[in-house]
Amino acid sequence: MTEIMTGSSEADSRYRIVVTESGPYLVYGRPPLAQQFIMANDRGESWYFQEGKHFSTEAEPTALCRCGASHRKPYCDGSHRDADWNPELEKGNDRLLDNVEVKRGERVSVSDNPKYCVFARFCDAEGGIFALTDRSDERDARQMAVREASMCPSARLTAWDNATERPYEYKYEPSLGLIEDNAIGASGGLWVRGGIRMTRENGEPFEIRNRVVVCRCGQSADKPYCDGTHASIKWRDQLEGMPEGETVPEEVY
Ligand code: FES
């Protein structure tokens, strides 16, 4: 049975990703695909995303590399057959809210599932998301806590309104991002946005989420999800491109 994360909704059924057992992601439905650069504020803290170079997904399906070894990234070129990686996918259908810890503030709570940390660091600014959640009876602190959780590309951190018990989520169109993290000299995972359905080759579904990051470097221990390993091994996709497109959030303040 397909699970849908609370606060997410499923994209149109033409969009889907098949995570093959020993090779690439097969992308259907031609979602837009672009680099997404993690951009800093003037204190050097992760603050917003900015789009870079766009790549075609016209081929149906488009095979995107998940082993990290392709010479034609972001596409698969067959190198996974000889690459040094373990393609194995985690067993079962893990849900984001399984084993979650909740930090409860006065007006806002933040759920935290560290398994999904992709080391994007949006939660560090302004004293950190947990200190901000503690002060969520103050409007500025509350807004900042919600902003930081909403910027977490993997939804490891999700902010909830205590009054409605609903999560805060940016509205994303079905789209894919190649995360670039120049501050640490690494490239990150594939950011899957807007409730695109993902399944294994045998059709077994993964939980549908508004935002989730899957591995591109081939070294995550939690495949298909990114576990931040790219940051420690300083993996780079070597794609050209500059941050010059649209930003998330749209207004960077
Ligand atoms: S998955 Fe095919 S080259 Fe990486």
Side-chain angles (χ1 to χ4, degrees), residues 14-38 52-94 115-116 118-120 153-154 174-182 184-194 196-209 211-241:
R14 71 174 181 273
Y15 298 109
R16 62 191 176 92
I17 296 175
V18 175
V19 186
T20 62
E21 294 300 316
S22 54
Y25 300 107
L26 301 180
V27 177
Y28 296 83
R30 304 174 184 174
L33 169 67
Q35 290 173 305
Q36 290 287 344
F37 288 86
I38 295 176
K53 189 172 173 184
H54 284 243
F55 295 86
S56 171
T57 54
E58 283 299 298
E60 286 251 56
T62 295
L64 296 182
C65 176
R66 79 174 181 97
C67 74
S70 172
H71 298 101
R72 227 170 49 82
K73 294 188 195 75
Y75 306 109
C76 167
D77 70 352
S79 297
H80 55 267
R81 295 187 196 98
D82 302 314
D84 179 19
W85 73 311
N86 176 1
E88 200 172 326
L89 302 172
E90 69 173 25
K91 304 272 182 290
N93 183 0
D94 203 5
K115 167 181 151 76
Y116 292 100
V118 301
F119 201 64
S154 67
S175 52
L176 302 175
L178 306 162
I179 294 180
E180 305 291 354
D181 192 349
N182 288 346
I184 60 165
S187 302
L190 178 68
W191 193 10
V192 180
R193 311 191 301 185
I196 296 178
R197 169 183 285 265
M198 292 197 304
T199 67
R200 300 174 69 127
E201 257 179 296
N202 66 7
E204 238 177 80
F206 296 97
E207 184 182 48
I208 291 173
R209 301 177 193 165
R211 48 188 164 133
V212 60
V213 181
V214 292
C215 175
R216 276 200 303 144
C217 72
Q219 303 305 316
S220 170
D222 275 323
K223 295 188 187 75
Y225 303 109
C226 168
D227 70 353
T229 298
H230 60 269
S232 51
I233 63 174
K234 299 277 186 252
W235 178 76
R236 290 242 75 153
D237 57 21
Q238 309 290 353
L239 298 176
E240 292 172 0

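Indexing begins at 1, ligand by ligand and atom by atom, following the structure's order.
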Do L178 and K73 come close enough that some side-chain heavy atom pair is under 4.5 Å? no

Residues at least two apart in sequence or cross-chain that pass side chain to side chain donor-acceptor pair (under 3.5 Å) with T57, listed by chain then number, are none

Those residues at least two apart in sequence (or on a different chain) that pass side chain to side chain contact (heavy atoms under 4.5 Å, CB included) with N202 are R200, E204

The protein N, O or S atoms lying under 2.8 Å from atom 2 (Fe) of ligand 1 are C76 SG, H80 ND1

query: So, R66 side chain and T20 main chain: donor-acceptor pair closer than 3.5 Å or not?
result: yes

Margin query: So does A221 get a backbone contact from the side chain of D227, meaning a donor-acceptor N/O pair under 3.5 Å?
Written below: yes

Exercise answer: donor-acceptor pairs, residues 22-33 side-chain atoms, under 3.5 Å, sequence neighbours excluded:
| unit_1 | atom_1 | unit_2 | atom_2 | d |
| --- | --- | --- | --- | --- |
| Y25 | OH | C215 | N | 3.3 |
| Y25 | OH | C215 | O | 2.5 |
| R30 | NE | E58 | O | 3.3 |

